[in-house]
There are 2 protein chains.
Amino acid sequence: MIKEKILRRKSRQRQIILDELKKLKTHPRADFLFKIVRKKLPNISFGTVYRNLNLLRDQGEVLELTCGKHGCRYDGTATNHYHFSCLKCGRVFDLDQPVLRDLDMKVSNKSGMAVNYHRTDFYGYCRECKSRNMSADK
Amino acid sequence: MIKEKILRRKSRQRQIILDELKKLKTHPRADFLFKIVRKKLPNISFGTVYRNLNLLRDQGEVLELTCGKHGCRYDGTATNHYHFSCLKCGRVFDLDQPVLRDLDMKVSNKSGMAVNYHRTDFYGYCRECKSRNMSADK
DNA sequence: TTAATTGCAAAACTTTTGCAACGCT
DNA sequence: AGCGTTGCAAAAGTTTTGCAATTAA
């Protein structure tokens, strides 16, 4: 499937989806963002949210984080950064750990693949969950 | 949801699912593995494959890799290692880049989270795809 | 025997898509 | 006007679940 360059128009819907996502410090799934956006645009449809998230991702304005079975999470900060995912509450947090860009080169040389970038997710218990009971489950 | 310790029995189905997954060098999705397993167990059902993959994952015998919209990929090698994902053909490859365990400690200290482990996925074009045309799409 | 496991089918979810109407440019 | 975008609803795809029958221990 070849990606054609299409002239994009501005739409109120797309702008508000992007604005609301950027406002959130969390990394919501499409359905959660849909509910947020619907407060401002009561008639917006699910399809529009999905279409625009895909579009914004393709244009590099939004990150689509690696997905779980319950859907992908989206990040309004487009520059690559690492994430922490809580095994208990499931929330995803930004980390300010520097991205190890030189790893890409190392892996390229070693594996023969052409590496563009990497994503790293740390797993464990967030500050709130680690202080509560630690019986491990999701 | 508290995870109960349940006495597990050996079932022919679970054993074959595990065996076939370990045999594969690729990292199949559940539906692909289902087709493979069905060659040996023509009557096995989708539900059984999913139930057992979840179970094997919970018991740490199998890795459930971060998922895409088309489903999770599974890895029969249970010890943590890095992966390379081809942006063109979508295949996932194992890397033998060493896992940077000390990163976990660094992130723990810096962020206040209790880090157990991390996962890293490299993205780019695999050896085969990078030599073909490089028009970037999935 | 007894309780985990299976096969089947239906349900639950997430995401995509066809289409007529709408709205940027 | 031209065509990208929307809302709606239906479709598609993945994963889970309820249940009676089966099977491992």
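Excluded from the calculations below are hydrogen atoms, water molecules and symmetry mates; all remaining heavy atoms, backbone and side chain alike, are included. In what follows, chains carry the letters A, B, and so on, assigned in the order in which the sequence lines appear, proteins first and then strands, with residues in each chain numbered from 1.
Residues B/D121 and B/T66 bring a donor and an acceptor atom of their side chains to less than 3.5 Å of each other.
Between B/K69 and C/dT16, a side-chain N or O to OP1/OP2 separation shorter than 4.0 Å is present. For the pair B/N54 and D/dT16, the criterion of a side-chain N or O lying under 4.0 Å from OP1 or OP2 is met. Of the side-chain N and O atoms in A/N43, none sit less than 4.0 angstrom from OP1 or OP2 of D/dT6. In this structure, A/T48 reaches the D/dG7 phosphate: one of its side-chain N or O atoms is under 4.0 Å from OP1 or OP2.
Residue B/D31 contributes atom CG, which lies 5 Å from atom P of D/dT14 at whole-angstrom precision. For the pair A/L41 CG and C/dG23 C1', the computed distance is 14 Å after rounding to whole Å. Nucleotide C/dC22 holds its C1' atom 13 Å from the CZ atom of A/R51, rounded to whole Å. Put simply, CG on B/L33 is 12 Å from P on D/dT15, counting in whole angstrom units. A/K10 has its NZ atom 19 Å from the C1' atom of C/dC22, to the nearest Å. Rounded to whole Å, atom P of C/dC8 lies 10 Å from atom CZ of B/R38. One atom, CG of A/L53, and another, P of D/dT6, lie 11 Å apart when rounded to the nearest Å. The interatomic distance linking B/L55 (CG) with C/dA4 (C1') rounds to 10 Å, in whole Å.
Checking C/dT15, D/dT23, D/dT14 against every side-chain atom of B/R9, the shortest atom distance belongs to D/dT23. Among C/dT16, D/dT5, C/dT5, the nucleotide with an atom closest to any side-chain atom of A/S11 is D/dT5. The side chain of A/Y50 has C/dT14 as its nearest neighbour among C/dA3, C/dT14, D/dT6. Minimum atom distance to the side chain of A/R8 is reached by D/dG4, of the listed D/dG4, C/dT6, D/dT6. Candidate nucleotides D/dT16, C/dC19, C/dG7 were compared by shortest atom distance to the side chain of B/Q13, and C/dG7 ranks first. You'll find that the side chain of B/A30 is closest to D/dT15, out of D/dT15, D/dT16, D/dA24. Here the nucleotide nearest the side chain of B/F46, chosen from D/dT15, D/dG7, C/dT15, is D/dT15.
Using a 4.0 Å heavy-atom criterion, one finds that A/R14 contacts the sugar-phosphate atoms exclusively. Using a 4.0 Å heavy-atom cutoff across all strands shown, B/G47 reaches at least one base atom of the nucleic acid.
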Validation: residues 25-37 of chain A side-chain donor-acceptor distances under 3.5 Å, sequence neighbours left out:
{"from": "A/H27", "atom 1": "ND1", "to": "A/K25", "atom 2": "O", "distance (Å)": "3.4"}
{"from": "A/H27", "atom 1": "NE2", "to": "A/D75", "atom 2": "OD2", "distance (Å)": "3.1"}
{"from": "A/H27", "atom 1": "NE2", "to": "A/H83", "atom 2": "NE2", "distance (Å)": "3.4"}
{"from": "A/H27", "atom 1": "NE2", "to": "A/D94", "atom 2": "OD1", "distance (Å)": "2.7"}
{"from": "A/R29", "atom 1": "NE", "to": "A/H70", "atom 2": "O", "distance (Å)": "3.4"}

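Considering only residues two or more places apart in sequence or on other chains, B/S45 meets the side chain to side chain contact (heavy atoms under 4.5 Å, CB included) condition with B/T48.
The line from CG of B/L55 to CG of B/L18 is 11.0 Å long, rounded to the nearest 0.5 Å.
Residues B/R12 and B/Y74 each lie close to DNA chain D; by heavy-atom proximity, the contact nearer the 5' end of the strand is made by B/Y74. Heavy-atom distances to DNA chain C give each of A/R29 and B/I17 a nearest nucleotide, and the one nearer the 5′ end belongs to B/I17.
Atom NZ of A/K40 sits in a sparse spot, with 12 or fewer heavy atoms from other residues, nucleotides or ligands closer than 6.0 Å.
Per the SG-SG cut-off, B/C86 and B/C126 are not bridged by a disulfide [distance not under 2.5 Å].
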